Amino acid sequence: MTAATPPDMENFVVGLIGMGDMGKMYARRLSTAGWRVMACDREEKYDDLVKEFSENSNVQILRNGHLVSRASNYIIYSVEAAAIGRVVSQFGPSTKLGAIVGGQTSCKDPEIKAFEKYLPSDVDIVSCHSLHGPNVDSRGQPLVLIKHRASDESFAKVETVLRCLGSTHVYLTAKEHDRITADTQAVTHAAFLSMGKAWHATKQFPWEGARYVGGIENVKINLMLRIYAQKWHVYAGLAILNPEAHKQINQFAKSTTELYYLMLEGRRDELRDRVYAAKEKVFGAEGNPKWAAQPLLRDDVLDRFSLGKRPDSPPLPNNHLSLLAMVDCWSALGIVPYDHMICSTPLFRLWLGVTEHVYRTPGLLDECLRVGLDDNTFRRDDLHFTIAACGWAECVALRQFETWRERFAVTQKFFEPRFAGAMEVGNAMIKAVLESSKE
């Protein structure tokens, strides 16, 4: 406990049901701050977790969620979004009288429905969502807090506990959370997942050649690898279970396909009109832009983070179909990405930053259009990217978790040998970008 801990919270216990990467991060950060933590995962993981946390006197590993629920004052479910209903139905009825319960899933619609259905009526509901991965420093990152069914006193207790993360608290409803995460995360993930499938289909490790070189390409490659190095269910749950995400992912596939057709068919004027109309809608009119005076990203910062050796020759021009499709998608759905910066993940800020770079750098957008129409260098890659975007959209529309898992796993295996290096470079890149944005 700290000196700021209220007297009525001296014996407060935080319960964690689910000890995956985020659950462990919470356990370590909360226990280091002095909070007593009781945690569990599936019973077959009990012995390994006991050993892992044996030297942490503030963390007690229990065999199941019943034991955690009956002894904890604030219980956080940190499980897969697809499993939240089943897990809460199993352990929710054991919740301690008058306790507070929340969830750390990336999609709040099924989470809140499960809490309302299975928790006792005397339990308060305060959910949360750290908008970053387990390997990103939580300080200064957005932490969404959702006061769904709770007294002011209970909400204050949750804020007191989570203040040790050093995050910026953002107050939303569950529906607002799902809409914003769909706008900022679902389509961003779909873009990187599609890049990975395209490079896999063409048997490319893009950092090994001279075609994908420079700051923008470094972001694409590092963040694609970062996503495929994670667990498949994180992205599947956010896309498939979030009702707000379906139309975004479908529109991204539609935008990708239609822009690719315009390039393939040489419809120059139509392509230019569409791209520039989307630019004005998303980024503002010439002379009255929505972006800040300073760019979100500096290209010189990104240039440092390449997985491969930079060739002596200038980088090949790219049409950046993925970026053009992203802005076209935002335009079609009326999304202004700057409106959601308070809830943006580091990944989204990087993606918006490179997109902004293409649209605000003089001559670069026209160069993208020229390459898309007149240069066949990336035509095969763009074909596979378009096919992949449509494939992910179909998985989401049909709510096919198993198909998603299989599509993800086969590409994950292809890139797996480079995950360790990519995570190291990716973490350094995110840290450098976040630090440069404060300057």
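Scope of the values below: all heavy atoms of this structure, side chains included, with no hydrogens, waters or symmetry mates. Just so it is clear, the structure is predicted and the values come from calculations on it, not from any experiment.
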Discussion item. Taking the basic N atoms (NZ, or NE/NH1/NH2) and the acidic carboxylate oxygens, is any pair closer than 4.0 Å for Lys220 and Glu217?
Written reply: yes
Please tabulate, for side-chain N and O atoms in residues 46-54, each donor-acceptor pair with protein atoms closer than 3.5 Å (sequence neighbours left out).
residue : atom : partner : partner atom : Å
Glu52   : OE1  : Lys24   : NZ           : 3.1
Glu52   : OE2  : Arg28   : NH2          : 2.6
Ser54   : OG   : Lys51   : O            : 3.0

Discussion item. Please give me the minimum heavy-atom distance between Ala81 and Gly237, naming the atom from each residue.
Written reply: CB-CA, 4.3 Å
Worksheet item: Listed by chain and number, what are the side chain to side chain donor-acceptor pair (under 3.5 Å) partners of Asp366, not counting sequence neighbours?
Response: Tyr276
Worksheet item: Got a donor-acceptor contact below 3.5 angstrom from the Ser89 side chain to the Arg86 backbone?
Response: yes
Worksheet entry | Aromatic plane relationship, Trp207 with Phe415 - under 30° parallel, 30 to 60° tilted, over 60° perpendicular | tilted
Worksheet item: If you look at every heavy atom in Val282 and Val327, which pair is closest and at what distance?
Response: CG2-O, 3.7 Å
Worksheet item: Got a sec, which pairs hit salt bridge (charged side-chain N to carboxylate O under 4.0 Å, His left out) with one end in residues 56-78, sequence neighbours left out?
Response: none
Fill in: Residue pairs passing the salt bridge (charged side-chain N to carboxylate O under 4.0 Å, His left out) test where at least one lies in residues 237-248, sequence neighbours excluded
Lys175-Glu244, Glu244-Lys247
Side chains of residues 329-342: which donor-acceptor partners sit under 3.5 Å, not counting sequence neighbours?
residue : atom : partner : partner atom : Å
Tyr338  : OH   : Glu356  : OE2          : 2.7
His340  : NE2  : Asp183  : OD2          : 3.0

Worksheet item: Which pair of heavy atoms, one from Tyr260 and one from Leu383, lies closest together, and at what distance?
Response: OH-CB, 3.4 Å
Discussion item. List the residues meeting salt bridge (charged side-chain N to carboxylate O under 4.0 Å, His left out) with Glu416, not counting sequence neighbours, and say none if there are none.
Written reply: none
Worksheet item: Is the side chain of Asn73 donor-acceptor paired with the backbone N or O of Val13 at a distance under 3.5 Å, no angle test?
Response: yes
Worksheet item: Between the side chains of Glu159 and Tyr171, does any donor sit under 3.5 Å from an acceptor?
Response: yes
Item to complete: Go through the structure and list residues passing side chain to side chain donor-acceptor pair (under 3.5 Å) with Thr202, not counting sequence neighbours.
Response: Gln204
Worksheet item: Under 3.5 Å, is there a donor-acceptor pair between the Gln90 and His66 side chains?
Response: no
Practice prompt. Please tell me if the side chains of Val170 and Leu143 come closer than 4.5 Å, counting only heavy atoms from C-beta onward.
Written response: no
Worksheet item: Under 4.0 Å between a Lys/Arg side-chain N and an Asp/Glu carboxylate O for Lys254 and Glu258?
Response: yes
Worksheet item: Is it the case that Ser31 and Asn58 place a side-chain donor and acceptor less than 3.5 Å from each other?
Response: no
Worksheet entry | Under 3.5 Å: donor-acceptor pair, side chain of Arg274, backbone of Leu259 | no
Response to the item:
Sequence neighbours excluded, the answer for salt bridge (charged side-chain N to carboxylate O under 4.0 Å, His left out) partners of Glu44 is Arg42
Worksheet item: Do Asn64 side-chain atoms and Leu67 backbone N/O form a donor-acceptor pair below 3.5 Å?
Response: yes
Practice prompt. Please collect all ring-ring contact (aromatic ring centres under 6.0 Å, His included) contacts where either partner lies in residues 233-259, sequence neighbours excluded, each pair once.
Written response: His189-Tyr235
Please output the side-chain donor-acceptor pairs of residues 103-110 that fall under 3.5 Å, not counting sequence neighbours, one pair per line with the distance.
residue : atom : partner : partner atom : Å
Gln104  : OE1  : Ser130  : N            : 3.2
Gln104  : NE2  : Tyr26   : OH           : 3.4
Thr105  : OG1  : Cys107  : O            : 3.0
Thr105  : OG1  : Glu111  : OE1          : 2.5
Lys108  : NZ   : Gly103  : O            : 2.9
Lys108  : NZ   : Thr105  : O            : 3.0
Lys108  : NZ   : Glu111  : OE1          : 3.2
Lys108  : NZ   : Glu111  : OE2          : 3.1
Lys108  : NZ   : Cys128  : O            : 2.6
Asp109  : OD2  : Lys113  : NZ           : 3.3

Item to complete: Would you check if Val158 and Arg163 make a side-chain contact, meaning some heavy-atom pair closer than 4.5 Å?
Response: no
Practice prompt. Using the test salt bridge (charged side-chain N to carboxylate O under 4.0 Å, His left out), find all partners of Asp178 that sit at least two apart in sequence or belong to another chain.
Written response: none
Practice prompt. Would you confirm whether the ring centroid of Phe414 sits within less than 6.0 angstrom of the ring centroid of Tyr228?
Written response: no
Practice prompt. Apply the test side-chain hydrogen bond (donor to acceptor under 3.5 Å, both in side chains) to residues Asp382 and Asn319: give CA-CA distance (whole Å), side-chain angles for both, the deciding distance (0.1 Å), then the verdict.
Written response: CA-CA 9 Å; Asp382 289 341; Asn319 60 33; 2.7 Å; yes
Discussion item. Any side-chain to backbone donor/acceptor pair from Glu406 onto Thr403? Under 3.5 Å, distance only.
Written reply: no
Discussion item. Suppose we call two aromatic rings close when their centres sit under 6.0 Å apart. Are Phe283 and Trp291 close by that rule?
Written reply: yes
Discussion item. To check you understand the geometry: which heavy-atom pair defines the closest contact between Ala114 and Ile84, and what is its length?
Written reply: CB-O, 4.2 Å
Discussion item. Quick check: Phe192 with Trp351 (ring centres under 6.0 Å apart)?
Written reply: yes
Item to complete: Could you tell me whether the side chain of Asp41 and the main chain of Met19 form a donor-acceptor pair under 3.5 Å?
Response: yes
Worksheet, complete the sentence: Glu55 meets the salt bridge (charged side-chain N to carboxylate O under 4.0 Å, His left out) criterion, sequence neighbours left out, with none
Item to complete: Please report the shortest heavy-atom distance between Ser138 and His132, naming the atom on each side.
Response: CB-NE2, 3.5 Å
